[in-house]
Amino acid sequence: MDVSLATLLVRPRAAFEAADERLSLVQPLVLVFLVGAGSIATAFPVYVALQRRLSSDIATVEFVIGAQTARLPLWFAIGTVGGILLVLVGWVVTTALLHGAARLAGGRGRFRQLLAFVGWSHAPYVVVYPLVTLVAAWQLATTPGATLNGVLHGTSSVEGTLVTFNGRGLIDVSSIPSLAVTLWIGYVWIGALDATYDLSRRRATAVAAVATVVMLVAIQLPV
């Protein structure tokens, strides 16, 4: 890998400074794509619950796999593709905002290099998602009547928005894992700004802190 994940998660500045100056965007792109796919997967029980409430006479998309034909609701297929695209667009937009903020703070650096670093900043999900999977499996196995939707999202219904804010689910936007991964990403941003721009550690931390607070507020908005 261009960047050591083990070092990145603990000492991001050292990991980024040890990387080649001309980083490839392929590896961070794959990481961001996998995170997007993982996010879609965690929403699957919500989609299943929602599908049960909808009319059976809805548009579908057919996939032929060998001799088998699979049908997916059109809205689910669009939502899946849209969700992954949203993560990819968010990667570029986040980089642009951090780049602009760093330049306003007096830093000098290249957007492309920061784009690669921000892509790599999704690495905390590589730790958090497997842990969430293990805890969810344990809760489902040991809690009578537990459902995957309830364990992940803290609710058994799909009333209102698809994102829950009650803090009871493992990946609810107000849950400890969700807040922890956001703060962890913010910590990685400090190293990315430190390694990319001619900023003091204090200014890099300030820029990353403001961006992290903005992200924490943004993910609380209903969707």
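All residue numbers in this chain count up from 1 along the given sequence.
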Which atom names give the shortest non-hydrogen contact between P28 and A116, and what distance separates them?
-> CB-O, 3.7 Å
Keeping the roles fixed (side chain from S200, backbone from R203), state whether a donor-acceptor pair exists under 3.5 Å.
-> yes
A101 and V207 have their tightest heavy-atom pair at CB-CG1, 3.8 Å
Spacing of S121 atom OG and W91 atom CH2 [to the nearest 0.5 Å] | 10.0 Å
Residues, nucleotides or ligands: over 12 heavy atoms within 6.0 Å of R11 CZ | no
Give a yes or no on whether V87 and L97 share a hydrophobic cluster (residues Ile, Leu, Val, Met, Phe, Trp, Tyr; joining criterion: side-chain heavy atoms under 4.5 Å apart).
-> no
Residue pair F117 / T95, side-chain heavy-atom distance below 4.5 Å | no
Return yes if some donor-acceptor pair links the side-chain N/O of Y187 with the main-chain N/O of V10 below 3.5 Å, else return no.
-> yes
Side-chain contact, heavy-atom cut-off 4.5 Å: R112 with L25?
-> yes
For W120 and L8, run side chain to side chain contact (heavy atoms under 4.5 Å, CB included): C-alpha distance rounded to whole Å, both residues' side-chain angles, the deciding distance at 0.1 Å, then the answer.
-> CA-CA 8 Å; W120 281 111; L8 171 66; 4.0 Å; yes
Looking only at non-hydrogen atoms, find the nearest pair between M215 and T182 and report the distance.
-> CE-CG2, 3.2 Å
Check V151 against A146 and note the closest heavy-atom contact, atom names and distance.
-> CG2-CB, 4.2 Å
Residues that, via side-chain heavy atoms closer than 4.5 angstrom, fall in one hydrophobic cluster with I190 = none
Pairwise side-chain contact, L9 with W184, heavy-atom cut-off 4.5 Å (strictly under) | yes
Kindly give the heavy-atom pair with the smallest separation between A208 and G186, and that separation in Å.
-> CB-O, 3.8 Å
Side-chain heavy atoms under 4.5 angstrom apart, residues restricted to Ile, Leu, Val, Met, Phe, Trp, Tyr: same cluster for L183 and V210?
-> no
If Ile, Leu, Val, Met, Phe, Trp and Tyr residues are connected whenever their side-chain heavy atoms lie under 4.5 Å apart, and connections chain through other members, are V181 and F33 in the same group?
-> yes
Minimal non-hydrogen separation, R103 against Y197, with atom names = CD-CE2, 4.3 Å
With the 4.5 Å side-chain cut-off for hydrophobic clustering, are V93 and L114 part of the same group?
-> no
Please assess L34 against H122 for the test side chain to side chain contact (heavy atoms under 4.5 Å, CB included), listing each intermediate value before the final yes or no.
-> CA-CA 10 Å; L34 291 176; H122 289 74; over 6 Å; no
Flag side-chain contact, heavy atom, 4.5 Å: W189 against I185 | yes
With side chain to side chain contact (heavy atoms under 4.5 Å, CB included) as the test, would you mind laying out the steps for L88 and L29 before giving the verdict?
-> CA-CA 8 Å; L88 295 174; L29 173 62; 3.8 Å; yes
Mind telling me whether F111 and H99 have parallel, tilted or perpendicular rings, with 30° and 60° as the class edges?
-> perpendicular
Determine which pairs satisfy salt bridge (charged side-chain N to carboxylate O under 4.0 Å, His left out) with at least one residue from residues 190-202, sequence neighbours left out, and list them in order.
-> R13-D194, D194-R201
When the side chains of residues 123-141 are checked against the rest of the protein, which donor-acceptor pairs come out under 3.5 Å, sequence neighbours left out?
residue	atom	partner	partner atom	Å
Y129	OH	S39	OG	3.0
T133	OG1	Y129	O	2.9

Linking I/L/V/M/F/W/Y whenever their side-chain heavy atoms sit closer than 4.5 Å, directly or via other members, would V214 and L193 fall into one cluster?
-> no
Does a side-chain heavy-atom distance below 4.5 Å link V92 with V118?
-> no
